[in-house]
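As structure tokens, the structure follows; a few thoughts come after it.
Throughout, residue positions are numbered sequentially from 1 according to the sequence presented. What you see below is based on every heavy atom in this structure, not just the backbone, and it leaves out hydrogens, waters and symmetry mates.
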Amino acid sequence: MLLTIFLALFLPCAGMSVVFMVYLCMLWYAASHMPGDPVKRAVKKGLSVAELEKLPKVTGDKLVHGNECAICLDEIEGDQPARLVPGCNHGFHLQCADNWLSNQPVCPVCRAKLGPDFFDSVQNPC
């Protein structure tokens with residue numbers, strides 16, 4: 001009777017310990033045989049500060065498609081600086097647009113992409 005109670009308690013604990021040790025060995029093996037850097041580097045997808053400065057700046061009263069910033073959903077007043085996305089001419093608050101475009105190079109309204117070809121044509125106008 002005492003032996004059965006001992007085996008009933010000991011065997012599950014011993015089995016789980018073996019499974020845990022095998023798991024740790026597999027983790028160690030995978031980490032030691034992984035080529036290169038195991039930490040994935042974040043790839044910056046947005047625009048740089050220099051590229052943001054190349055985008056047109058206007059005031060709120062010169063916007064073509066209305067005065068509402070689609071990022072913060074607030075009105076762009078007539079004297080406030082605004083950033084115009086070339087191609088689609090959607091306008092946003094300057095700070096809102098710079099924050100958005102520094103993370104992702106697309107217009108928040110129509111998803112028009114600001115690719116490197118735009119900035120190459122600004123640098124080398126022919």
What donor-acceptor contacts under 3.5 angstrom involve side-chain atoms of residues 71-80, with partners at least two apart or in another chain?
{"unit_1": "Gln80", "atom_1": "OE1", "unit_2": "Glu77", "atom_2": "N", "d": "2.8"}
{"unit_1": "Gln80", "atom_1": "OE1", "unit_2": "His93", "atom_2": "NE2", "d": "3.2"}

What are the two closest heavy atoms between [X] and [Y], and how far apart are they?
{"X": "Lys45", "Y": "Pro105", "value": "O-CD, 3.1 Å"}
{"X": "Leu63", "Y": "Ala82", "value": "CD2-CB, 4.1 Å"}
{"X": "Val109", "Y": "Ala70", "value": "CG2-CB, 3.6 Å"}

Could you name each residue pair satisfying ring pair (Phe, Tyr, Trp, His ring centres under 6.0 Å) that touches residues 61-89, not counting sequence neighbours?
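Every pair satisfying ring pair (Phe, Tyr, Trp, His ring centres under 6.0 Å) with a residue in residues 61-89: His65-His90.
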
Point to revise | All side chain to side chain donor-acceptor pair (under 3.5 Å) counterparts of Asn99, not counting sequence neighbours | key: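 Asn99: no side chain to side chain donor-acceptor pair (under 3.5 Å) contacts found.
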
Problem set entry | Counterpart residues, side chain to side chain donor-acceptor pair (under 3.5 Å), relative to Lys57 (two or more places apart) |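 Only Glu53 meet the side chain to side chain donor-acceptor pair (under 3.5 Å) criterion with Lys57.
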
Query - Within one Ile-Leu-Val-Met-Phe-Trp-Tyr cluster: Leu52 and Val106, side-chain cutoff 4.5 Å - result: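 Yes, because Leu52 and Val106 connect within a single hydrophobic cluster, where side-chain heavy atoms sit under 4.5 Å apart.
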
* Would Leu3 and Leu11 show up in the same hydrophobic cluster when neighbours are defined by side-chain heavy atoms closer than 4.5 Å? ->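 As far as the 4.5 Å side-chain criterion goes, Leu11 and Leu3 are connected within one cluster.
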
Fill in: Leu55 side chain reached by Val85 side chain, heavy atoms, under 4.5 Å
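With C-beta onward as the side chain, the pair stays apart.
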
With side chains defined as the heavy atoms from C-beta onward, is the minimum distance between Phe92 and Asp98 less than 4.5 Å?
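Not touching, per the 4.5 Å side-chain cut-off.
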
Exercise. Is a donor on one side and an acceptor on the other found under 3.5 Å between the side chain of Trp100 and the backbone of Cys107?
Worked result: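 Looks like no, no N/O pair under 3.5 Å.
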
Working to the nearest 0.5 Å, report the span between [atom1] of [X] and [atom2] of [Y].
{"X": "Ser48", "Y": "Leu101", "atom1": "OG", "atom2": "CG", "answer": "11.0 Å"}
{"X": "Lys54", "Y": "Leu47", "atom1": "NZ", "atom2": "CG", "answer": "10.5 Å"}
{"X": "Thr59", "Y": "Leu94", "atom1": "OG1", "atom2": "CG", "answer": "11.5 Å"}

What salt bridge (charged side-chain N to carboxylate O under 4.0 Å, His left out) pairs are there with at least one residue in [range], not counting sequence neighbours?
{"range": "residues 1-12", "result": "none"}
{"range": "residues 8-21", "result": "none"}
{"range": "residues 20-30", "result": "none"}
{"range": "residues 9-18", "result": "none"}

If the condition is side-chain contact (heavy atoms from CB on, under 4.5 Å), which residues does Tyr29 pass it with, not counting sequence neighbours?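 Residues passing side-chain contact (heavy atoms from CB on, under 4.5 Å) with Tyr29: His33.
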
**Study point:** Gln95 atom CD: more than 12 heavy-atom contacts under 6.0 Å
**Key:**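 Result for CD/Gln95: open.
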
According to side chain to side chain donor-acceptor pair (under 3.5 Å), does anything in residues 4-28 pair up with another residue at least two apart or in another chain? List the pairs.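 The answer is none; no pair qualifies.
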
Got a sec, which residues hit ring-ring contact (aromatic ring centres under 6.0 Å, His included) with Phe20, two or more places apart in sequence or on another chain?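 For Phe20, no residue satisfies ring-ring contact (aromatic ring centres under 6.0 Å, His included) once neighbours in sequence are set aside.
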
